[in-house]
Amino acid sequence: MRMSYLFGQTLREAPADAELTSHKLLVRAGFVRQLGAGIFSVLPLGHRSITKIENIMREEMNAIGGQEMMMPVVHPAEIWKETGRWYEVGPEMGRFKDAGGRDMVLAMTHEEVVTDLVRNIIHSYRQLPALIYHIQTKWRDEVRSRGGLIRVREFTMKDSYSLDADWEGLDRQYRAHYQAYFNIFRRAGLEVIAVKSDVGMMGGKEAHEFMYLTPIGEDTLVLCDSCGYTANRQVAVFRKPEPQEEAPLPLEKVATPGTKTIADLAAFLNIPESKTAKAVFMVATISEEQKDTEKFVFVVVRGDMELNETKLANALKAKALRPAHEEEIRAIGASPGYGSPVGIKDDVLVVVDDLIPRSPNLVAGANEDGYHYLNVNYGRDYKAAIVADLVAAEDGYACVQCGEPLRTSRGVEVGNIFKLGTRYSEAMNATFLDKDGKPKPVIMGSYGIGSGRLLACVAEEYNDEYGLKWPITVAPYQVHIVALKGGFDVAEQLYTDLQKAGVEVLYDDREELSAGVKFNDADLIGIPIRLTVGGRSLKQGGVEFKLRSSDEREIVPLDQIIDKVQEEIARLLAEINARVVPVEMPD
RNA sequence: CGGGGCGUAGCGCAGUUCGGUAGCGCGCUUGGUUUGGGUCCAAGAAGUCGUCGGUUCAAAUCCGGCCGCCCCGACCA
């Protein structure tokens with residue numbers, strides 16, 4: 001491609017609303033332009049890079065038996081009503097009516113469409129297993145779509161769906177994806193970790209997220225350096241401390257003026273926070289038979305720990321959670337800051353963390369401003385409807401597997417894999433006849449990778465103060481020829497010859513620009529190999545060869561440059577491919 | 001949805017306090033100059049000042065509504 005013809009423009013300054021490095025550089029280098037909040041156009045350079053990422057995904061999907069196809073972006077609402085997600089999913093689902101007044105859905109994902117196809121096409125165990133995938137646009141109207149290109153509303157995703165007759169088959173396909181995903185990310189130059197994750201709106205049995213570790217990530221991960229335990233903080237479990245045994249002491253009401261927080265309370269009474277019980281008031285939306293009801297929830301966790309809302313939502317099977325308003329708290333007879341499960345109205349749903357029953361003689365509120373109870377004991381003084389693990393893992397907590405301290409880190413989710421099981425096939429009656437002639441629901445898995453987000457993460461990882469530094473596998477072109485005065489004729493010939501040799505070339509043929517401008521553009525765009533052809537290099541005996549990733553320059557004679565470029569491309573490719581190795585999926 | 005900020009030429013910004021009908025840098029066009037790290041000089045083109053309404057002789061500027069974008073929080077595969 002000739003730069004004089006390339007559609008796009010480099011910018012000296014990034015738009016003011018770009019915050020992340022990847023966002024700034026991708027806009028400045030002419031890879032993307034923003035159209036609206038979370039909505040981007042992909043320009044030719046960006047499109048080439050995304051196509052490369054998508055082709056890597058195709059190769060790895062095909063290698064595990066995937067068949068590429070294409071499913072629609074606009075769906076009739078009926079299928080989403082069948083699975084219940086029409087009712088369960090909130091405003092992030094794009095909904096509209098067609099000209100005939102029918103409810104329509106903009107695809108957030110494609111389980112419903114796949115399952116509809118499955119029930120029409122799969123009739124026999126002989127047709128299973130199968131793996132289908134497509135690379136298609138999704139719309140998710142995130143309430144907050146920030147983070148440049150990392151978090152967008154309209155995006156392209158590779159999503160695959162496995163179909164099996166038995167659970168062993170699902171496990172095989174799940175494991176195949178686990179490996180394939182590592183291959184994809186590593187081939188794109190990105191090192192990721194796989195963490196256990198919440199199944200969220202997908203439902204299902206088991207899930208992993210593939211996380212690119214970076215401080216800009218919006219997810220918090222919990223890692224154990226000792227045994228390798230990894231999990232999203234939403235679901236991370238840990239070994240809870242064993243409280244000292246004590247004989248229950250009599251309940252005692254004490255004045256604790258001005259101690260609305262656990263820290264104040266512990267300081268006032270001169271006790272550790274771990275000897276207190278924290279009351280958290282939430283309102284849960286619970287869906288029953290397509291009807292949403294709001295339910296007040298009184299949560300008790302130990303004072304030194306934080307409530308994990310995902311765990312709470314899962315324990316309650318709640319669709320949504322929000323903090324309760326003060327009026328709602330007062331309405332159940334509690335007092336913000338002094339809330340207590342002791343003596344609360346009977347109809348209030350009390351949920352406690354499983355550490356609480358083992359923790360004797362805690363300090364809890366007295367449901368009266370300025371007063372707390374000493375020696376509150378679960379079972380004797382109050383009872384809960386649900387006892388479950390409800391608290392969030394923190395830095396330094398003990399690993400559930402090996403007991404060593406956990407560490408937290410931020411990450412961006414670049415892919416995920418889900419064992420859906422029969423959640424969709426049962427809801428939509430997608431069954432097959434097994435060997436015994438009995439109808440059984442198809443066992444499904446779903447597996448996604450966002451191609452634009454992956455590109456943004458690669459950009460986030462590979463850059464310096466001058467611009468992008470693409471891995472050879474993702475770079476829009478392999479070679480960038482910079483023609484300078486006295487070198488245009490030779491550069492033209494080199495451009496033609498390299499292309500004939502199968503090399504992908506971006507050729508800066510712009511005659512009116514100074515050398516500095518062209519070098520800066522080349523650094524900004526970040527193509528791995530740069531060849532400079534000018535009067536000076538020719539006088540020195542050839543063209544100047546330079547890698548974007550290195551400061552070294554070398555003059556290569558014209559009759560050797562094509563070989564040199566091909567060798568170097570092969571070397572860069574080999575370097576990346578060396579990272580593609582088998583991985584163990586932990587149980 | 002709550003809190004904060006912003007909206008003036010393709011990009012970055014000034015002008016708004018104190019109303020008088022728009023300016024700077026980059027980019028773009030033309031001519032010259034320079035020619036290996038964002039040359040220099042000159043002449044140009046380009047903006048319903050987000051939008052609607054109000055106040056006023058007069059609004060980018062004051063007042064109100066709406067829209068959009070960004071950040072923080074809640075939310076979220």
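Note on naming: letters A, B, ... go to the chains in the order of the sequence lines (proteins, then strands), and numbering restarts at 1 for each one.
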- Message: Measuring only the C1' atom in each nucleotide, how far is B:C62 from B:U55? A whole number of Å is fine.
- Response: 8 Å
- With rounding to whole Å, what would you report as the distance between B:U17 and B:A59 at their C1' atoms? 15 Å
Are [X] and [Y] within salt-bridge range, i.e. N to O under 4.0 Å?
{"X": "A:K196", "Y": "A:E209", "result": "no"}
{"X": "A:K419", "Y": "A:D171", "result": "yes"}
{"X": "A:D141", "Y": "A:R95", "result": "no"}

Atom-pair distance ([atom1] on [X]; [atom2] on [N]), nearest Å:
{"X": "A:N416", "N": "B:C76", "atom1": "CG", "atom2": "C1'", "value": "12 Å"}
{"X": "A:R153", "N": "B:C70", "atom1": "CZ", "atom2": "C1'", "value": "13 Å"}
{"X": "A:R536", "N": "B:U34", "atom1": "CZ", "atom2": "P", "value": "18 Å"}
{"X": "A:E19", "N": "B:C71", "atom1": "CD", "atom2": "C1'", "value": "7 Å"}

- Task: Could you say whether A:D17 or A:E544 is positioned toward the 5' end of RNA chain B, judged by the nucleotide with the nearest heavy atom to each?
- Result: A:E544
- Item | Residue whose nearest RNA chain B nucleotide is more 5′ - A:R530 or A:D219 | A:R530
- Please state whether the phosphate of B:G36, meaning OP1 or OP2, lies under 4.0 angstrom from any side-chain nitrogen or oxygen of A:Q540. no
